[in-house]
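Below, chain A is the first sequence line, B the second, and so on; all start at residue 1. These figures come from a predicted structure and were not determined experimentally.
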Protein chains: 2
Amino acid sequence: MPVYLWGATLFSRQGAARSISSHNLAALVGVNAWQIRKDFSYFGDFGTPGVGYNIATLIKHVKKILKLEAVQKAALVGVGNLGSALLAFPGFGVYSFQIAAAFDVDRRKIGKKKSGVVVEDAAKLHILKERKIRLGIIAVPEEAAQGITDKLVHAGVKGILNFSSRYISVPKKVKVINIDIAMDLARLPYYVPSD
Amino acid sequence: MPVYLWGATLFSRQGAARSISSHNLAALVGVNAWQIRKDFSYFGDFGTPGVGYNIATLIKHVKKILKLEAVQKAALVGVGNLGSALLAFPGFGVYSFQIAAAFDVDRRKIGKKKSGVVVEDAAKLHILKERKIRLGIIAVPEEAAQGITDKLVHAGVKGILNFSSRYISVPKKVKVINIDIAMDLARLPYYVPSD
DNA sequence: CTATGTGAATTTATTCACAGCA
DNA sequence: TGCTGTGAATAAATTCACATAG
């Protein structure tokens with residue numbers, strides 16, 4: 001589903017058309033047309049036969065499905081290379097996300113602004129509770145990952161995006177999505193013919 | 001499959017055991033035990049009943065399946081925040097990857113060393129052909145993504161890991177894996193109970 | 001007694017084909 | 001005529017149960 005939102009947004013910026021057909025969207029994101037129709041029809045019908053899907057309606061529906069109607073605030077922990085890249089990343093807006101806070105342990109970074117966000121002391125993660133931030137992004141060295149996780153959970157965070165290449169354990173109620181950027185690279189040689 | 005390699009490697013570093021059972025590995029990576037046995041048995045049997053899988057053998061086999069036996073060289077294009085993070089990323093070794101070259105258009109970066117790799121001029125991407133580097137990593141602003149892609153393809157690159165949030169078109173023979181770090185974040189609210 | 005490997009059963013996803021609406 | 005939405009057919013992946021090996 002997220003990929004459809006991505007495709008629809010892309011199309012809305014590039015094309016002048018008001019609608020997009022399942023075929024066009026399919027070509028854009030790299031799946032089959034019937035796949036898209038099936039997926040959408042599962043959530044109710046919002047396409048127009050003979051025309052396609054109205055882009056604005058489509059984006060609205062998919063956002064609703066993904067529960068992205070309201071802007072979601074997330075807290076970033078770890079403002080190293082990766083963290084900085086995430087802060088500067090322009091793509092979060094598409095998915096109604098905003099990195100509303102950033103934390104680090106490094107005294108030299110605390111208090112400074114990065115991409116419009118002031119870096120705060122990682123020791124003060126508990127304030128996330130007051131600020132009602134419920135999503136956390138972990139971009140710290142792997143040794144620190146579990147410790148930060150525990151703090152995030154304690155601060156009431158309900159969802160964690162984990163960029164450190166280590167397994168983090170959390171209570172059942174908290175959802176973790178692990179992203180190992182190297183793991184994706186590992187899929188490549190399988191498709192590449194060989195030497 | 002990549003996740004099994006990840007799990008096995010993790011286990012080998014943390015535990016002192018020589019073998020791992022499907023149950024333990026399953027718990028580590030978050031799938032079912034029979035799932036793992038099925039997946040492995042598809043590629044032939046290399047486990048020992050009553051004991052489990054010998055870790056060294058397991059890692060070797062999975063690497064073979066993923067065609068990761070030899071170290072794979074990859075070229076990074078775009079040494080911004082994200083590119084720097086990738087260069088500094090410690091996890092590539094697990095998957096037998098090595099970022100053997102880095103390119104950028106910024107004159108101030110060219111010639112300087114970053115994480116042990118000298119940044120070269122992106123105009124000279126064609127030298128990848130001579131160096132026999134067949135994998136490319138795109139970490140440039142989205143406007144530049146397609147142009148760099150074309151250059152990579154022209155230089156004989158067979159697989160591309162695309163971190164830019166734009167669709168890139170390539171000849172059929174070239175495999176692209178798209179990674180939109182924001183897209184993964186979009187999956188989170190769906191699992192998080194709501195407000 | 002423990003843990004693998006695999007046929008069989010079940011569930012889920014993919015693909016097709018086509019009726020129906022603009 | 002073009003494109004959606006969906007039931008039916010097909011394929012694939014999950015799950016189970018258990019024979020078998022250490």
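- Within the nucleic acid shown, B:Phe40 has no heavy atom closer than 4.0 Å to any nucleic acid atom.
- Regarding A:Asp39, its CG atom lies at a distance of 13 Å from the C1' atom of C:dT15, rounded to whole Å.
- Between A:Arg131 and A:Glu120 a salt bridge is recorded (basic side-chain N to carboxylate O distance below 4.0 Å).
- In this structure, the CD atom of B:Gln35 is 13 Å from the C1' atom of D:dC16, given to the nearest Å.
- Within 4.0 Å of A:Tyr42, counting heavy atoms only, lies no atom of the nucleic acid at all.
- Using cut-offs of 30° and 60° for the angle between ring planes, the A:Phe40 and A:Tyr53 rings count as perpendicular.
- Using modelled atom types, one finds a donor on one side chain and an acceptor on the other under 3.5 Å when comparing A:Tyr95 with B:Asp180.
- Spacing between atom CZ of A:Arg37 and atom P of C:dC16 amounts to 12 Å, rounded to whole angstrom units.
- For B:Ser21, no side-chain nitrogen or oxygen approaches OP1 or OP2 of C:dA3 to under 4.0 Å.
- Within the nucleic acid shown, A:Phe46 comes within 4.0 Å of sugar-phosphate atoms alone, with no base atom in reach, counting heavy atoms only.
- With hydrogens and angles ignored, the 3.5 Å screen pairs no side-chain donor or acceptor of A:Asp106 with any backbone N or O of A:Ile110.
- For the pair B:Ser22 and C:dT4, the criterion of a side-chain N or O lying under 4.0 Å from OP1 or OP2 is met.
- One finds no side-chain N or O of B:Asn32 lying less than 4.0 angstrom from the OP1 or OP2 phosphate oxygen of D:dT14.
- Spacing between atom NZ of A:Lys38 and atom C1' of C:dT12 amounts to 12 Å, rounded to whole angstrom units.
- Atom CE of B:Met1 is separated from atom P of D:dA13 by 12 Å (rounded to the nearest Å).
- The separation between A:Ile36 atom CD1 and D:dC3 atom P is 13 Å, rounded to whole Å.
- Counting to the nearest Å, the P atom of C:dT4 and the OH atom of B:Tyr4 are 13 Å from each other.
- The nearest heavy atom of DNA chain D to A:Gly50 and to A:Trp34 marks one nucleotide each, and the one closer to the 5' end goes with A:Gly50.
- In this entry the distance linking CG of A:Asn54 with C1' of D:dT4 reads 14 Å, nearest Å.
- Judged purely by atom type and a 3.5 angstrom limit, B:Asn54 has no side-chain atom pairing as donor or acceptor with the backbone of B:Ser19.
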